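All values reported here derive from a predicted model rather than from experimental measurement. Residue numbering restarts at 1 for every chain, and letters A, B, ... go by the order of the sequence lines.
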There are 2 protein chains.
Amino acid sequence: MPAEASTSRPASPLTERQEARRRRILHASAQLASRGGFDAVQMREVAESSQVALGTLYRYFPSKVHLLVATMQDQLEHMHGTLRRKPPPGDTAAERVAQTLMRAFRALQREPHLADAMVRALTFADRSVSPEVDQVSRQTTAIILDAMGLADPTPEQLSAVRVIEHTWHSALITWLSGRASIAQVKIDIETVCRLIDLTEPAGRG
Amino acid sequence: MPAEASTSRPASPLTERQEARRRRILHASAQLASRGGFDAVQMREVAESSQVALGTLYRYFPSKVHLLVATMQDQLEHMHGTLRRKPPPGDTAAERVAQTLMRAFRALQREPHLADAMVRALTFADRSVSPEVDQVSRQTTAIILDAMGLADPTPEQLSAVRVIEHTWHSALITWLSGRASIAQVKIDIETVCRLIDLTEPAGRG
DNA sequence: CGCTAATCTAGAACAAGTTTCAGACTTGAT
DNA sequence: ATCAAGTCTGAAACTTGTTCTAGATTAGCG
């Protein structure tokens with residue numbers, strides 16, 4: 001069995017041609033998503049664009065949602081790299097986290113359709129995609145902890161981070177579906193980031 | 001045109017038979033959802049169960065997501081009534097909100113498949129369902145403000161409520177997809193509710 | 001009652017995700 | 001170089017959400 005869309009551990013090491021196929025598929029997926037969002041990523045088209053038979057596509061990614069979540073892993077990795085190179089300048093952890101998320105948000109605004117495809121897939125994913133979604137979640141957590149500048153967070157801090165992630169995902173959805181403005185998302189992010197102040201300065205409970 | 005799945009204002013008043021059809025449809029939807037979640041709500045089956053032609057079903061609810069969001073409105077109304085009758089006993093606003101949400105959560109735990117169908121529909125909804133999703137959001141906001149005991153919330157408090165709703169939805173999703181335990185959801189809810197303390201006692205900023 | 005417009009029904013048809021299958025091609029081991 | 005096992009291809013089939021159509025029914029009105 002080839003890779004299960006898990007970036008970090010290919011179940012069996014892919015051959016070069018397989019790796020190339022996988023990249024072509026992810027590229028086609030991102031490209032189609034950028035055009036028209038979730039609905040525009042049609043499996044037949046992805047297969048055709050990436051020069052792969054439909055059955056092969058399904059062997060690499062067992063469903064459309066798996067494919068889009070893998071696409072998101074891909075993009076997230078890229079973003080984490082970018083953010084690492086230019087860490088946010090804020091004075092407090094809360095500020096830095098808010099700045100980091102706003103930076104990510106601005107990146108998403110540049111490709112709103114792609115954002116739509118990825119986020120919708122992420123929240124629509126059922127149990128069969130849990131491992132992959134979890135990986136995305138861990139990656140997001142890592143980005144936030146990086147911004148906080150923490151190596152060894154307390155349980156309270158981890159709770160705060162989880163709540164921040166919840167808010168981040170849900171706020172994105174309200175923005176993507178046109179129910180919240182960009183300004184609104186910004187406020188929500190800043191609001192939830194205040195939770196960090198609640199856990200940081202005080203000692204453990 | 002008949003009702004657009006908006007509980008509060010039927011575009012044109014439905015006849016008795018139409019009202020009955022609408023109820024049959026919602027009932028069938030909830031029943032099927034209770035059995036097998038989102039996937040088990042199949043439009044043909046809903047139509048058959050509710051003794052209505054497929055075309056009619058689509059006239060009442062223009063998509064599966066519309067149908068499930070309307071189902072959620074229905075359930076939410078019921079729950080708001082229940083909660084009103086037995087307000088939570090906590091001393092602080094934060095406590096009462098957390099208790100209220102945990103009560104709702106326990107109700108959902110009794111019908112996890114139904115919860116799955118409703119929540120997945122809610123977060124998967126695209127722009128065409130925005131009005132209905134917004135209505136659900138307003139209803140949820142009303143429930144939380146009720147628990148806080150506030151008639152005239154400040155903008156900060158409204159922000160906190162929005163963040164609480166974000167957390168609520170997203171935490172439910174992680175639970176439904178098996179990526180978070182019940183205990184975890186409880187912690188997240190309690191964590192986010194602390195935001196209320198941040199806005200309540202202090203005066204306006 | 002008798003008319004007209006709107007609504008409802010049954011069922012076919014279409015669209016896109018997913019599955020399946022027979023045959024061609026690769027790969028790895030001997 | 002050759003064989004077996006695994007992989008890829010192309011195409012059809014299947015599933016379920018959605019749309020469409022022609023004819024039957026119903027509601028409102030004079």
**Student:** At less than 4.0 Å, is any side-chain N or O atom of B:Y60 found next to OP1 or OP2 of C:dC8? Yes or no.
**Tutor:**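 Answer yes for this pair, as a side-chain N or O of B:Y60 is under 4.0 Å from OP1 or OP2.
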**Student:** Is any side-chain nitrogen or oxygen of B:T15 closer than 4.0 Å to OP1 or OP2 of D:dA27?
**Tutor:**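 So the side-chain polar atoms of B:T15 never come under 4.0 Å of the phosphate oxygens OP1 or OP2 of D:dA27.
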**Student:** For the pair made of CZ in B:R17 and C1' in C:dT9, what is the distance, rounded to whole Å?
**Tutor:**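 So the CZ-C1' distance, B:R17 to C:dT9, works out to 12 Å.
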**Student:** Between atom CD in A:E48 and atom P in D:dC8, what is the gap in whole Å?
**Tutor:**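 Checked: the CD to P distance equals 19 Å.
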**Student:** Please test A:R194 against A:E190 for salt bridge (Lys or Arg N to Asp or Glu O under 4.0 Å), starting from the C-alpha separation and ending with a verdict.
**Tutor:** CA-CA 7 Å; A:R194 290 206 230 157; A:E190 285 163 354; over 6 Å; no
**Student:** Please check if any side-chain donor atom of B:T15 sits under 3.5 Å from a side-chain acceptor atom of B:R17, or the reverse.
**Tutor:**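 B:R17 and B:T15 do not have a side-chain donor-acceptor pair below 3.5 Å.
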**Student:** D:dG28 C1' sits how many Å from B:Q18 CD, rounded?
**Tutor:**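 After rounding, the reported distance stands at 12 Å.
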**Student:** Whole angstrom is fine here: how far is it from CZ in B:R59 over to C1' in C:dC8?
**Tutor:**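 Result: 8 Å.
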**Student:** Base, sugar-phosphate, or nothing for A:Q51, non-hydrogen atoms under 4.0 angstrom?
**Tutor:**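 Since only primed, P, OP1 and OP2 atoms lie under 4.0 Å of A:Q51, the category is sugar-phosphate.
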**Student:** Quick one: are A:V192 and A:W168 in side-chain contact, heavy atoms under 4.5 Å?
**Tutor:**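 With C-beta onward as the side chain, the pair stays apart.
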**Student:** Does B:G55 or B:R21 map to a spot on DNA chain D nearer the 5' end, using the closest nucleotide for each?
**Tutor:**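 Checking each residue's closest nucleotide, the 5'-ward one belongs to B:G55.
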**Student:** Between atom CD in B:E16 and atom P in D:dG28, what is the gap in whole Å?
**Tutor:**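 Atom-to-atom, B:E16 to D:dG28, this comes out as 11 Å.
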**Student:** To check you understand the geometry: which heavy-atom pair defines the closest contact between A:A115 and A:L176, and what is its length?
**Tutor:**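 Taking A:A115 first and A:L176 second, the nearest heavy atoms are O-CD1, 3.9 Å.
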**Student:** Would you compute the distance between atom CG of B:L172 and atom NE2 of A:H166 and round it to the nearest 0.5 angstrom?
**Tutor:**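 One gets 9.5 Å once the value is rounded to the nearest 0.5 Å.
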**Student:** Show each protein N/O and nucleotides 14-17 of chain D N/O combination with a separation under 3.5 Å, one pair to a line.
**Tutor:**
unit_1, atom_1, unit_2, atom_2, d
D:dT16, OP1, B:Q42, NE2, 3.2
D:dG17, OP1, B:V41, O, 3.4
D:dG17, OP1, B:K64, NZ, 3.0
D:dG17, OP2, B:M43, N, 3.0
D:dG17, N7, B:R44, NH2, 2.5
D:dG17, O6, B:R44, NH2, 2.8

**Student:** How is B:E45 classified with respect to the nucleic acid when contacts are heavy atoms under 4.0 Å: base, sugar-phosphate, or nothing?
**Tutor:**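 Answer is nothing: B:E45 stays at 4.0 Å or more from every strand.
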**Student:** To the nearest Å, give me how far apart CG (B:L57) and P (D:dT18) are.
**Tutor:**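 Taking CG of B:L57 and P of D:dT18, I get 9 Å after rounding.
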**Student:** Within this structure, what is the CG-to-C1' distance between B:L54 and D:dT18, rounded to whole angstrom?
**Tutor:**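 About 8 Å, once rounded to whole Å.
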**Student:** Minimum heavy-atom separation for A:H113 and A:A33, please, with both atom names.
**Tutor:**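 It is CB-O, 3.1 Å.
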**Student:** Note the angle between the end axes of the helix from C:dC1-D:dG30 to C:dT30-D:dA1, five pairs defining each, rounded to 10 degrees.
**Tutor:**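 Computed angle between terminal axes is 20°.
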**Student:** Ring-plane angle category for B:F124 and A:F124, please: parallel below 30°, perpendicular beyond 60°, tilted otherwise.
**Tutor:**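 Parallel.
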**Student:** Rounding to a whole Å, what distance do you find between A:H66:NE2 and C:dG17:P?
**Tutor:**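 In whole Å, C:dG17 P lies 16 Å from A:H66 NE2.
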**Student:** Going through the checks in order, is the side-chain hydrogen bond (donor to acceptor under 3.5 Å, both in side chains) test met by A:S137 and A:E165?
**Tutor:** CA-CA 8 Å; A:S137 179; A:E165 284 185 47; 3.3 Å; yes
**Student:** Of all heavy-atom pairs between B:P89 and B:Q99, which one has the smallest distance, and what is that distance?
**Tutor:**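 Smallest heavy-atom distance, with atoms named: CD-OE1, 3.1 Å.
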